[in-house]
Chemist: 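I have a structure here, written as structure tokens, and I will follow up with some questions on it.
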Amino acid sequence: EHHLRLARLLFDTMPARDAASYNILLTALAARGRVAEALELFDEMPEPSVRSWTALVAGFAQSGRPADALRVFRDMEGAGVAPNEVTVVAVLAACADVGDLDLGRKVHGYAKRQGYSRNVLVCNAAIDMYVKCGCVDAARGVFDAMDGRTVVSWSAMICGHAMHGEGDKALELFAAMRRRGMLPNGVTFVGLLHACSHMGLVDEGRAFFESMEKDHGIAPEIEHCGCMVDLLSRAGHLQEALEFINGMPVEPNSVVWGALLGGARLHRNVEVGEEATRRLAVLDPGNDGYYVVLSNIYAAAGRWEDVARVRRAMKLRGVKKTTGWSAISVGGTVHEFAAGDCAHPQAAAICETLDGLLEEARRRGYAPDTSVVLLDMDDGEKERVLARHSEKLAVAFGLMATPPGTTLRVMKNLRVCSDCHAAMKLISEITRREIVVRDRNRFHCFKNGICSCRDYW
DNA sequence: CTAGGGTTAG
């Protein structure tokens, strides 16, 4: 901050400024996410070069402002400036962040035509983009076609398979990597542990955790511990998870306690859930999600007075439940839906389509899971609330707006709800469509009535 | 010493 002010002062008092001096300051501003200031300086520049544009795109992409990065990139296209390899890497990363498959594909196509495919960084960025846009097979295609893979390429692909619930492929890839004498790093192990966690491979996960230090000299960090707590608590070993936390080589953070809380919900353990929430209230007081999960645990146990107590505590602390939303991109336009949303121009038709699908799903054994609705209302009302969850609306719209057979790709800001998960499986079977849902932390690929997570999540 | 890039747990 101080250095940036000094740089600005120097810049402003320079007798003459050339392109380089502008670009240096531009880079510094963009990298710190100072969007308005960076854009203002950019507009003052006499002749912005590819490097100036790229400084903005890359800086915004890296400082957690992917939407700004993509906006600038579109302006860059409009200005007729040809992106270079660095621009491509940054745009692909931004596409990965927001899940923009259309733009990601386009940019990757451009990169291939430009001969950028020999650039390892471009390929790695493309792998991650395809993974995070729900196309793990396309990511694997890029990976398989590469010739100069680095540990980053291997790790990105292992993490990609893990994210998509393809733990077996992640482990196979690790074996292949070892056969080629490629040395893993800490990220590789995060991917492996994540893979084990999503497949319930408790023994394998424990073995990887042991071996990383012993055989590879890689000290476990907080991320690896987080994976272990997730692995153990997801599999129902809540006591062992708690002991693991107490014996951890590093101080547990909110992610670690959050993983335990998730396991407590899954296995309906009120005591462990309460313990985790107590810790989380200290470590991450501004986050509302934990209270919601705890009240879920109480609701599942039928402890409605406690549900009410948590809700009162939330109100007292001024925490509000984050509104869930789902988005689907159709024909280059992103359509966003909130629960119960009637704002879409085709809302009536969407609801009609959805109700028809849910009726058919019921005939095939779907029963609305009203336990996920935490509001005080009767079951009929709860069912009506469930039937308008944002992911269901997004899928119904996607089905209407795309030709038969098109894969639907939905993005959600929170975790997909368990009732929607059950409904999606049947909707994929009824409509013979593949539905890929990008959750807050993983992918669900629904196909022929089955989800890629095999209901372990 | 004229700037820029890829993988990571809830």
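Chain letters run A, B, ... following the sequence lines, proteins first and then strands; every chain starts at 1.
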Chemist: What is the distance, to the nearest angstrom, from the CG atom on A:Leu294 to the C1' atom on B:dG10?
Modeler: 16 Å
Chemist: Do we see a donor-acceptor contact under 3.5 Å between the side chains of A:Tyr298 and A:Arg309?
Modeler: yes
Chemist: Rounding to an integer number of Å, can you tell me how far A:Leu266 CG sits from B:dG10 P?
Modeler: 13 Å
Chemist: Taking the six-membered ring for Trp and the single ring otherwise, decide whether the centroids of A:Trp53 and A:Phe73 are under 6.0 Å apart.
Modeler: no
Chemist: Using whole Å, report how far CG of A:Asn441 lies from P of B:dT8.
Modeler: 13 Å
Chemist: Among B:dA9, B:dG10, B:dT8, which is the nearest nucleotide to the side chain of A:Arg234?
Modeler: B:dG10
Chemist: Name the closest nucleotide to the A:Arg51 side chain, picking from B:dA9, B:dG4, B:dT8.
Modeler: B:dG4
Chemist: Between B:dT7, B:dG10, B:dT8, which nucleotide has the shortest distance from any of its atoms to the side chain of A:Asn185?
Modeler: B:dT7
Chemist: Would one find a side-chain N or O of A:His224 under 4.0 angstrom from OP1 or OP2 of B:dG10?
Modeler: no
Chemist: Roughly, in whole Å, what's the span from CD in A:Glu223 to P in B:dG10?
Modeler: 11 Å
Chemist: Side-chain donor or acceptor of A:Tyr290 under 3.5 Å from a matching atom on the base of B:dG10?
Modeler: yes
Chemist: Would you mind telling me which of B:dT7, B:dG5, B:dG10 lies closest to the side-chain atoms of A:Asp128?
Modeler: B:dT7
Chemist: Please tell me which of the listed nucleotides, B:dA9, B:dA3, B:dG10, lies nearest to the side chain of A:Thr27?
Modeler: B:dA3
Chemist: As a test of reading the structure: which of B:dT8, B:dG10, B:dA3 is closest to the side chain of A:Ala259, going by heavy atoms?
Modeler: B:dG10
Chemist: Measure from the side chain of A:Arg440, starting at C-beta and using heavy atoms only, and say which of B:dT7, B:dA9, B:dG10 lies closest.
Modeler: B:dG10
Chemist: Taking A:Ser390 for the side chain and A:Ala338 for the main chain, is one N or O donor matched with an acceptor at less than 3.5 Å?
Modeler: no
Chemist: Figure out the CZ/C1' separation between A:Arg118 and B:dG5, and round it to whole Å.
Modeler: 17 Å
Chemist: Kindly give the heavy-atom pair with the smallest separation between A:Gly64 and A:Pro66, and that separation in Å.
Modeler: C-CD, 3.2 Å
Chemist: Could you check whether atom CD of A:Glu44 has more than 12 heavy atoms from other residues, nucleotides or ligands sitting under 6.0 Å from it?
Modeler: yes
Chemist: Which listed nucleotide (B:dG10, B:dT7, B:dG4) is nearest to the side chain of A:Ser155?
Modeler: B:dT7
Chemist: Please determine whether the number of non-hydrogen atoms from other residues, nucleotides or ligands lying under 6.0 Å from atom CZ of A:Arg17 exceeds 12.
Modeler: yes
Chemist: Compare the minimum distances between each of B:dG10, B:dT7, B:dG5 and the side chain of A:Val187, then state the nucleotide with the smallest one.
Modeler: B:dT7
Chemist: Rounded to the nearest angstrom, tell me the gap between atom CZ in A:Phe209 and atom C1' in B:dA9.
Modeler: 12 Å
Chemist: Roughly, in whole Å, what's the span from CG in A:Asn287 to P in B:dG10?
Modeler: 15 Å
Chemist: Can you tell me whether the side chain of A:Asn23 and the base of B:dG4 have a donor-acceptor pair closer than 3.5 Å?
Modeler: no
Chemist: From OH of A:Tyr291 over to P of B:dG10, roughly how many Å is that when rounded to an integer?
Modeler: 22 Å
Chemist: What does A:Gln62 touch in the nucleic acid at a heavy-atom separation under 4.0 angstrom: a base, only the sugar-phosphate, or nothing?
Modeler: sugar-phosphate
Chemist: Counting only side-chain nitrogens and oxygens, does A:His194 get under 4.0 Å of the OP1 or OP2 atom of B:dG10?
Modeler: yes
Chemist: Under 4.0 Å between any heavy atoms, over every strand shown, what does A:Asp18 touch: base, sugar-phosphate, or nothing? Just pick one.
Modeler: nothing
